[in-house]
2 protein chains.
Amino acid sequence: MVLKLLGDKTRLAMMKLLEKNECCVCEFVAIFGISQSAISQHLRKLRDVGLVKENRKGQWIFYSLNKGSDMHGLVMKILELVPSQEERIAELEKQGLRVSCG
Amino acid sequence: MVLKLLGDKTRLAMMKLLEKNECCVCEFVAIFGISQSAISQHLRKLRDVGLVKENRKGQWIFYSLNKGSDMHGLVMKILELVPSQEERIAELEKQGLRVSCG
DNA sequence: ACAGCATATCAGCATATGCTTATATATACA
DNA sequence: TGTATATATAAGCATATGCTGATATGCTGT
């Protein structure tokens, strides 16, 4: 269930980041400071219910919000109320950890 | 956190019922078929974060949505997308289990 | 083919969660 | 005061959840 998935603070922050950015697994790892395995498992849950979609670019897999999801409207309303996470992206850039291949 | 609380199907259904009705603990017990204790614990969680408020009427305590909650707007948006639970109230009435003390 | 990096999956563990039963508290009424 | 009803709290249990470390898979470049 979508609300249960968004009830986890890490997943909610991931979704907020994906609202404005495409991100790959290793970026989330750098941002959240948890294992690559944990990030991958969160993304799988989000993908399994169709909230995000993946887009492979070479060795990276970029995730983005799935705007075609049934729940997309609700998700956007919820994300509106979540504080911006853009500083985390800025921090990544500053550390030179942003993966942009595009 | 609000989303986590609403991520539980019982609590979400309780909130949907409270959208249109004031309900007491024993009504929820009849509706959901779980113990009085379990219902009471769900209500406590909802009350602790301010989503619902209580209103004692004699030996009953009636719960209702707390419209003054910071999260009330979000909650209403979410509840719009939850299927109506009004048949459950109708069922209660039919069984003569509705507690109305006006 | 091989090494290196990114990602996914598996197995196991600690904690959180939702439930139950038993008990305590609060109100109503005889 | 005593009994019945409604609700709250405490203790314990089974399952779910989120994490880690180890391993598998997939792509890249040599």
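Chain letters run A, B, ... following the sequence lines, proteins first and then strands; every chain starts at 1. Values below: all heavy atoms of this structure, side chains included; hydrogens, waters and symmetry mates excluded.
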It should be established whether A:Tyr63 places a side-chain nitrogen or oxygen under 4.0 Å from OP1 or OP2 of nucleotide C:dA6. no

Main-chain N/O of A:Met76 paired with A:Glu19 side-chain donor or acceptor, under 3.5 Å: no

Answer yes if the side chains of B:Gln85 and B:Asn21 hold a donor-acceptor pair under 3.5 Å, and no otherwise. no

Extract from the structure each pairing of a protein N or O with an N or O of nucleotides 1-6 of chain D at less than 3.5 Å, listing the distance.
unit_1, atom_1, unit_2, atom_2, d
D:dT5, O2, B:Gln59, NE2, 3.4
D:dA6, O3', B:Gln59, O, 3.4

When the distance from NZ of A:Lys53 to P of C:dT7 is rounded to whole Å, what number comes out? 18 Å

May I ask you to list the residues of residues 85-92 of chain B, by number, that have any heavy atom positioned under 4.0 Å from an atom of DNA chain C? none

Would you say that A:Met15 contacts A:Leu79 through its side chain, given a criterion of any heavy-atom pair below 4.5 Å between the two side chains? yes

Which atom names give the shortest non-hydrogen contact between B:Glu27 and B:Glu22, and what distance separates them? OE1-O, 3.9 Å

Any salt bridge linking B:Glu91 with B:Arg88? Criterion: basic side-chain nitrogen under 4.0 Å from a carboxylate oxygen. no

Using the side chain to side chain contact (heavy atoms under 4.5 Å, CB included) criterion, which residues pair with B:Gln36? Sequence neighbours excluded. B:Val25, B:Val29, B:Ser40

Side-chain contact, heavy-atom cut-off 4.5 Å: A:Leu18 with A:Phe28? yes

Below 4.0 angstrom, N of the basic side chain to O of the carboxylate: do B:Arg47 and B:Glu54 qualify? yes

Short of 4.0 Å, heavy atom to strand atom, which residues of residues 3-16 of chain B count as contacting DNA chain C? B:Lys4, B:Asp8, B:Thr10, B:Arg11

Distance in angstrom units between B:Glu54 CD and C:dA26 C1', rounded: 12 Å

Of residues 27-46 of chain A, the positions that come close to DNA chain C - non-hydrogen atoms, cut-off under 4.0 Å: A:Gln36, A:Ser37, A:Ser40, A:Gln41, A:Arg44

Side chain to side chain, B:Leu51 and B:Asn66, heavy atoms closer than 4.5 Å: no

By side chain to side chain contact (heavy atoms under 4.5 Å, CB included) - contacts of B:Lys9 (at least two apart): A:Met1

Side chains of A:Arg56 and A:Phe62: does their closest heavy-atom pair fall under 4.5 Å? no

Looking only at heavy atoms, what is the nearest atom pair of A:Ser69 and A:Gly50, with distance? CB-O, 3.4 Å

